[in-house]
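As structure tokens, the structure follows; a few thoughts come after it.
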Amino acid sequence: MLDIPSENFGIYTYIHLLDTCIQSKSLVEGKKIHEHILKNKTHITKTILLDKLTCMYLACGEIDLARSVFDQIPRRNVILWNSMIRGYAWKGPLDQAIGVYYEMLDLGIKPNKFTFPFVLKACSGLKALEIGREIHSYVKRSGLESDVYVCTALVDFYAKCGCLVEAKNLFDQMPQRDVVAWNAMIAGSSLHGFYEDTVQLVFNMQSSGTSPNTSTLVAVLPTIGQAKALSQGKNIHGYSVRKMVFEDVMVATALLDMYGKCGSLDYARRIFDTTSLKNEVTWSAMIGAYVLYDHMREGVETFDQMILDGTVSITPATLGTVLRACSKLADMSKGRQIHGYSIKRGSIVDIMMGNSLLAMYSKGGILDDAFRLFDEMDTKDTVSYSAMISGCVQNGNAKDALDTFRGMQASGINADTATMVGILPACAHLNALQHGRCNHAYLTVRGFASNTSICNALIDMYSKCGRIDFAREVFNRMPKRDIVSWNAIIAGYGIHGRGGEALLLFHNLLNDDPKPDYVTFICLLSACSHSGLIAEGKHWFHVMPQDFNIVPRMEHYICMVDLLGRGGLLDEAYNFILKMPFEPDVRVWGAMLSACRIHENIKMGEEVSKNVQRLGPEGTGNFVLLSNIYSAGGRWDDAANVRIVQKEQGFKKSPGCSWVEITGTVHAFVGGDRSHPLSMKIYEKLDELSVEMKKLGYQADIGFVLQDVEVEEKERSLLYHSEKLAVAFGILSLCPSKPIVVTKNLRICGDCHSAIKLISKITKRAISVRDASRFHHFSDGTCNCEDFW
DNA sequence: ATAGGGTTAG
């Protein structure tokens with residue numbers, strides 16, 4: 001600590017002392033010297049001293065103190081103005097940098113080539129395009145456009161603001177381009193996701209004799225990850241190894257992130273393990289990679305290691321990523337833990353963090369908690385409201401979604417595209433045509449009505465609300481249609497049983513721009529199925545791979561089995577399944593089974609039923625598989641992804657599995673499961689409930705079991721379905737006031753649906769079942785899905 | 001270099 005005597009110093013002594021503070025960034029000493037100067041009054045008005053004090057505060061990052069000294073100086077030179085602008089451009093508030101710049105111009109001080117890079121940096125940060133352009137024209141008038149530094153700053157500004165053409169023009173005009181100029185151009189292009197352009201720029205940079213440096217690599221890698229361009233990413237990796245820059249944390253983290261985004265988790269992990277100097281971003285990127293590709297267990301484990309490691313701080317970004325894992329896993333107790341932790345650390349004020357929590361609670365079906373947090377949040381933005389709205393919709397709670405939307409409008413927060421795309425399915429779900437039309441009007445007023453995603457949601461809403469004519473009108477008027485638009489309208493005609501029009505539209509699509517994708521064929525085939533257009537369906541299924549290069553997926557086979565089976569061609573459907581190039585899953589057999597039921601073919605039904613039983617939903621299930629199911633957890637929300645993951649891990653079957661969380665532990669069951677320690681009690685409970693249910697007129701719908709066994713045996717196998725076991729265990733384990741939330745990986749079975757309605761009445765408990773497609777909230781004998789799912 | 005809400009089918 002500096003010991004300052006109280007006598008008066010000469011001015012150069014002060015200056016010398018202040019320089020020392022600037023070098024060592026010692027704010028405490030600097031302040032003492034400032035006080036000393038104020039006390040002695042001798043030099044208080046000396047500009048040179050005030051200049052130094054300003055610089056001292058700037059060096060210590062005390063921008064407000066710097067400003068107060070700066071404002072007292074009567075005549076300030078351009079260097080000091082530049083320092084002040086630089087201070088704001090680095091520490092913010094950015095608009096102050098621009099303010100000081102204009103103040104300087106107003107006072108007639110002429111900016112120099114050092115001024116522009118700082119003020120332009122502020123413009124980039126604020127995306128203040130017009131101000132930036134004005135500054136650009138001033139630069140031209142001052143004849144500084146050819147200065148490398150100024151021009152690079154302009155390139156950077158235009159590129160960051162997304163005006164890549166202007167950036168490129170300036171860049172091309174530069175008399176010489178150093179690595180910083182190249183990096184500005186590359187970073188801007190990468191930032192806006194222009195993968196090909198970015199890679200081309202790097203190539204050109206090398207051909208022109210400038211070697212990429214670490215900043216180049218760090219700028220390029222995110223676009224590569226976004227484009228999932230793994231082989232290009234490997235090239236960069238190789239380059240960084242050759243140039244020995246892989247030991248740079250930023251480069252290592254960017255490489256890790258790139259591999260993660262490409263799904264190469266092993267490579268990502270290898271980089272993670274070999275990077276000795278990990279910071280919090282490195283850890284976050286690793287966790288994020290796991291979560292992105294549904295490796296929740298590894299993600300959560302890595303987070304636990306991060307805490308144990310203790311060398312880096314836990315940021316809201318990390319917590320947000322872990323929350324997404326909890327959300328995907330439906331692991332609310334872990335999520336709550338993170339919630340508590342973030343309150344303790346004060347991270348909860350971070351709005352993204354709050355929004356992640358909202359999304360987790362609402363997607364997890366705990367709307368009460370979501371709303372409680374939502375009410376507590378001091379600042380709510382569009383995303384907060386959107387998360388609540390779509391959360392309500394996903395829980396089948398469309399009414400609350402609409403109420404929340406009204407609240408949003410009342411509090412003056414503007415809805416954006418995502419909000420509207422979230423609210424429209426609520427109208428579809430409620431069959432709330434009036435609301436839907438109202439929202440449509442609102443969208444028109446707000447100027448959203450021509451947005452492609454919005455129109456897609458409108459098409460879906462109108463067709464689900466029974467107004468395919470309105471849906472078509474929206475479709476016709478769209479300025480730009482993407483493949484989702486076409487799929488939505490084709491599906492719309494399909495569910496309205498107007499297969500002919502669906503086919504006609506499909507033909508129109510073939511003459512138009514977007515190429516059909518695999519969903520198009522699902523929509524088309526199901527439209528054919530709903531309208532009995534068997535020949536047409538068969539035709540398109542067969543030409544799909546050769547003419548459209550689309551490999552039939554499980555979903556297409558389900559549609560085909562449905563098409564043939566519904567049409568009464570049971571033998572053909574059965575043989576079709578047998579000839580499938582991969583093993584049919586339970587949904588294929590399920591479609592077959594329902595065809596057998598429609599056409600009352602008991603014999604084939606029995607045969608098919610064996611396959612349904614074997615594969616789930618209520619198969620005997622083996623426990624290796626089971627442990628994998630719940631360690632990987634809540635895969636219910638992305639059925640397609642589940643199959644990819646399962647294939648990777650070498651599993652082919654997908655048995656029905658239900659789980660319930662009791663004080664932080666997940667208890668999972670498959671049908672007929674007797675492995676649980678409390679198995680005896682669970683079965684007793686179910687038998688007891690079964691007696692009560694029968695009193696209320698319950699009859700097991702043995703149509704769901706087409707096995708050749710005695711009626712009583714059929715009833716029993718239904719009674720021990722996984723969702724019933726989980727519900728019974730919930731009843732036994734949770735106090736009566738607590739709602740029971742069961743999650744099932746497949747769709748809930750029809751018999752279980754009727755049974756749980758009665759169980760909710762008998763036990764007077766709220767029971768929720770989240771199945772593969774939606775929530776079922778049971779209470780007092782009814783379900784909020786109104787038996788339609 | 002890491003982080004939040006969204007539409008198409010069955």
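Since the model is a prediction, treat every value here as computed from it, not as a measurement. Chain naming here is simple, since letters A, B, ... match the order of the sequence lines and numbering starts at 1 in each.
Each of Phe541(A), Phe548(A), Tyr557(A) was checked for a ring-ring contact (aromatic ring centres under 6.0 Å, His included) with Phe521(A), and the lone residue meeting it is Phe548(A). Applying the ring-ring contact (aromatic ring centres under 6.0 Å, His included) test between Tyr385(A) and each of Phe371(A), Phe374(A), Phe405(A) identifies Phe374(A) as the sole match.
Closest to the side chain of Val519(A), out of dT2(B), dT8(B), dT7(B), is dT8(B). Nearest nucleotide to the Glu555(A) side chain, out of dG6(B), dA1(B), dG10(B): dG10(B). In this structure, the nucleotide among dG10(B), dG5(B), dA3(B) sitting nearest to the side chain of Val383(A) is dG5(B). The side chain of Asn487(A) sits closest to dT8(B) out of dT2(B), dG5(B), dT8(B). For Asp381(A), the side-chain atoms get nearest to dG4(B) when compared with the rest of dG4(B), dG6(B), dA3(B). Residue Ala491(A) places its side chain closer to dT8(B) than to any other of dT8(B), dG5(B), dA3(B). Nearest nucleotide to the side chain of Ala359(A), out of dA3(B), dG5(B), dT7(B): dG5(B). Checked against dA1(B), dG10(B), dT7(B), the side chain of Ala457(A) finds its nearest nucleotide in dT7(B). Listed candidates were dT8(B), dA1(B), dT2(B). Nearest to the side chain of Ala285(A) is dT2(B). Taking only side-chain atoms of Ser390(A), from C-beta outward, the nucleotide of dT7(B), dG4(B), dG6(B) with the closest atom is dG6(B).
In terms of phosphate contacts, Ser526(A) brings no side-chain nitrogen or oxygen within less than 4.0 Å of OP1 or OP2 of dA9(B). Contact annotation: Lys363(A) reaches the phosphate of dG5(B) (side-chain N/O to OP1 or OP2, under 4.0 Å). Phosphate contact (OP1/OP2 of dG10(B), side-chain N/O of His530(A), threshold under 4.0 Å): present. Side-chain nitrogen and oxygen atoms of Ser386(A) include none within less than 4.0 Å of the OP1 or OP2 phosphate oxygen of dG6(B). One finds a side-chain N or O of Arg324(A) lying less than 4.0 angstrom from the OP1 or OP2 phosphate oxygen of dG4(B).
Counting to the nearest Å, the P atom of dA1(B) and the CD1 atom of Ile236(A) are 14 Å from each other. Rounded to an integer number of Å, the gap from Trp486(A) CH2 to dT8(B) P is 19 Å. Rounding to whole angstrom units, CD1 of residue Ile338(A) and P of dA3(B) are separated by 16 Å. The nearest whole Å value for the distance from the CD1 atom in Ile314(A) to the P atom in dA3(B) is 16 Å. What separates OH of Tyr361(A) from P of dG4(B) is a distance of 17 Å, to the nearest Å. Going from atom CG of Leu424(A) over to atom P of dT8(B) covers 11 Å, rounded to whole Å. Rounded to a whole Å, the NZ atom of Lys261(A) is 7 Å from the C1' atom of dT2(B).
In terms of modelled atom types and a separation under 3.5 Å, the side chain of Ser531(A) and the main chain of Gly499(A) share a donor-acceptor contact. Put simply, the side chain of Arg481(A) gets close to the backbone of Phe475(A): a donor and an acceptor are under 3.5 Å apart.
Between the side chain of Ser453(A) and the base of dG6(B) there is at least one donor-acceptor pair of N/O atoms closer than 3.5 Å. With hydrogens and angles ignored, a donor-acceptor pair closer than 3.5 Å exists between the side chain of Asn279(A) and the base of dA1(B).
At most 12 heavy atoms of other shown residues, nucleotides or ligands fall within 6.0 angstrom of atom CG in Asp378(A).
At the heavy-atom level, Thr419(A) lies under 4.0 Å from base atoms of the strands shown.
Under the rule for a side-chain contact (heavy atoms from CB on, under 4.5 Å), the partners of Asn487(A) that lie at least two apart in sequence or sit in another chain are Ile483(A), Asp517(A), Val519(A), Thr520(A), Cys523(A).
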